[in-house]
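Read the structure below first, then the notes.
We're numbering straight along the sequence, starting at 1. Every heavy atom of this structure was used, including side-chain atoms; hydrogens, water molecules and symmetry mates were not.
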Amino acid sequence: MTKARYLLAATTLALTVAVPAEARSPIEGRWQKGNLQIDIKPCGSALCGTVVRASKKQQARAEKGSGTDLIGATLIRDIRPTGPGAYSARVFVPDRNMNASGRIKQLAPNRLQVSGCVLAIICKSGNWSRVN
C-alpha cells in the first residue's frame with residue numbers, strides 16, 4: 001500500500017506542477033514617445049514594435065512621406081538581444097520612407113532608448129516610456 005500511495009502522490013504532483021511558459025522579454029509591452037505608442041511583442045523568431053496610437057499630425061506625416069497608414073504599421077522589426085538590456089533591430093522611419101539599423105537599450109524597467117542610423121553616420125535616438 002505504501003508503494004501505491006507514493007506512486008499516487010508522485011503522479012498527482014507531476015500533474016499539478018505547471019509547465020513554465022517561454023520567458024517573456026523585459027521589453028515586451030506598450031511603449032510611448034510623445035503621442036506615439038507601440039506594442040512590442042513576438043513576431044516570428046524575434047520581436048516587433050507595431051503602432052497602436054499616433055496623433056493626426058504624425059499620421060499625416062507618415063502618409064505624406066511614405067504612403068504608410070501609421071496605425072498598425074510595424075516600425076521596429078527583427079528585435080534581437082545582443083547582451084544584457086541591449087537589442088539590435090531594424091527601424092522604419094515612415095515620414096522619410098527610410099529603413100535604418102537600430103539599437104534598443106533598456107535604461108530602466110520602464111524606460112527604453114531607441115536609436116537608428118542610416119549609413120552609420122546619420123543617427124537619431126529617443127527615449128520611450130512604458131505605458132501601464
Side-chain angles (χ1 to χ4, degrees):
M1 194 79 136
T2 305
K3 196 175 192 180
R5 283 186 182 175
Y6 175 74
L7 184 58
L8 179 61
T11 303
T12 303
L13 180 62
L15 292 174
T16 59
V17 173
V19 175
E22 284 188 37
R24 186 175 141 102
S25 170
I27 66 169
E28 283 184 52
R30 186 163 291 187
W31 297 87
Q32 179 171 333
K33 179 182 178 222
N35 294 319
L36 186 70
Q37 289 187 6
I38 62 170
D39 272 344
I40 295 179
K41 59 186 175 186
C43 62
S45 63
L47 296 172
C48 294
T50 303
V51 177
V52 293
R53 180 176 286 166
S55 70
K56 295 290 182 192
K57 184 177 178 179
Q58 289 167 316
Q59 292 179 56
R61 286 177 56 190
E63 181 67 36
K64 183 179 177 186
S66 63
T68 300
D69 184 6
L70 198 52
I71 305 299
T74 301
L75 297 188
I76 308 171
R77 65 181 75 245
D78 202 25
I79 302 170
R80 297 183 185 277
T82 58
Y87 303 82
S88 65
R90 297 291 306 153
V91 179
F92 177 62
V93 184
D95 55 329
R96 298 193 187 261
N97 198 25
M98 296 172 59
N99 287 295
S101 61
R103 290 185 313 205
I104 300 172
K105 184 175 181 181
Q106 188 165 19
L107 304 174
N110 295 320
R111 194 140 179 92
L112 296 178
Q113 180 182 58
V114 179
S115 61
C117 295
V118 177
L119 302 174
I121 55 172
I122 304 169
C123 299
K124 189 173 182 178
S125 68
N127 291 329
W128 293 71
S129 299
R130 189 181 298 274
V131 176
N132 294 323

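The OG1 atom of Thr68 lies 7.5 Å from the CD atom of Glu63; values are rounded to the nearest 0.5 Å. A distance of 10.5 Å separates OG of Ser88 from CZ of Arg103, quoted to the nearest 0.5 Å. Rounding to the nearest 0.5 angstrom, the gap separating the OG atom in Ser25 from the CD1 atom in Ile40 is 8.0 Å. Taken to the nearest 0.5 Å, the CD1 atom of Ile38 stands 3.5 Å off from the CD1 atom of Ile76. Here Ile27 contributes atom CD1 and Tyr87 contributes atom OH; the two are 4.5 Å apart, rounded to the nearest 0.5 Å.
Looking at Ser55, its side chain does come within 3.5 Å of a backbone N or O of Gln58 through a donor-acceptor pair. Not one N or O on the side chain of Arg53 forms a donor-acceptor pair closer than 3.5 Å with the backbone of Ile71. Ser66 contributes no side-chain N or O that, together with a main-chain N or O of Asn97, makes up a donor-acceptor pair within less than 3.5 Å. A donor-acceptor contact shorter than 3.5 Å links the side chain of Gln32 to the backbone of Gly34.
Nearest heavy-atom pair across Arg111 and Ser129 is NH1-OG, 3.2 Å. Pairing each heavy atom of Thr50 with each of Gly72, the nearest pair is CG2-O, 3.4 Å. Contact between Ala54 and Gln59 at its shortest, heavy atoms only, is O-NE2, 2.9 Å. A pairwise comparison of heavy atoms in Trp31 and Pro26 identifies CZ2-O, 4.4 Å as the closest pair. Of all the heavy atoms in Ala100 and Cys117, the pair that sits closest is CB-O, 3.4 Å. In this structure, Gly49 and Ile79 approach most closely via the heavy-atom pair N-CD1, 4.2 Å.
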| Residues Asn99, Val91; criterion side chain to side chain contact (heavy atoms under 4.5 Å, CB included); working and verdict | CA-CA 6 Å; Asn99 287 295; Val91 179; over 6 Å; no
Evaluation steps, side chain to side chain contact (heavy atoms under 4.5 Å, CB included), between Gln37 and Val131:
CA-CA 8 Å; Gln37 289 187 6; Val131 176; 4.0 Å; yes
Practice problem: Begin from the C-alpha positions of Leu107 and Leu112 and carry the test side chain to side chain contact (heavy atoms under 4.5 Å, CB included) through to its verdict. | Solution: CA-CA 5 Å; Leu107 304 174; Leu112 296 178; over 6 Å; no
Side chain to side chain contact (heavy atoms under 4.5 Å, CB included) between Ile104 and Gln113: does it pass, once the steps are laid out?
CA-CA 6 Å; Ile104 300 172; Gln113 180 182 58; over 6 Å; no
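Arg80 places a side-chain heavy atom less than 4.5 Å from the side chain of Ser45. Using a 4.5 Å heavy-atom threshold, the side chains of Asn127 and Lys33 count as separate.
Salt bridge status for Asp78 with Arg90: absent, with no side-chain N to carboxylate O gap under 4.0 Å.
Remark: Arg96 engages Val93, Met98 in a side chain to side chain contact (heavy atoms under 4.5 Å, CB included) (not counting sequence neighbours).
Residues Phe92 and Leu36 share a hydrophobic cluster, clusters being chains of Ile/Leu/Val/Met/Phe/Trp/Tyr side chains in contact below 4.5 Å.
Atom CZ of Arg130 has more than 12 neighbouring heavy atoms from other residues, nucleotides or ligands inside a 6.0 Å radius.
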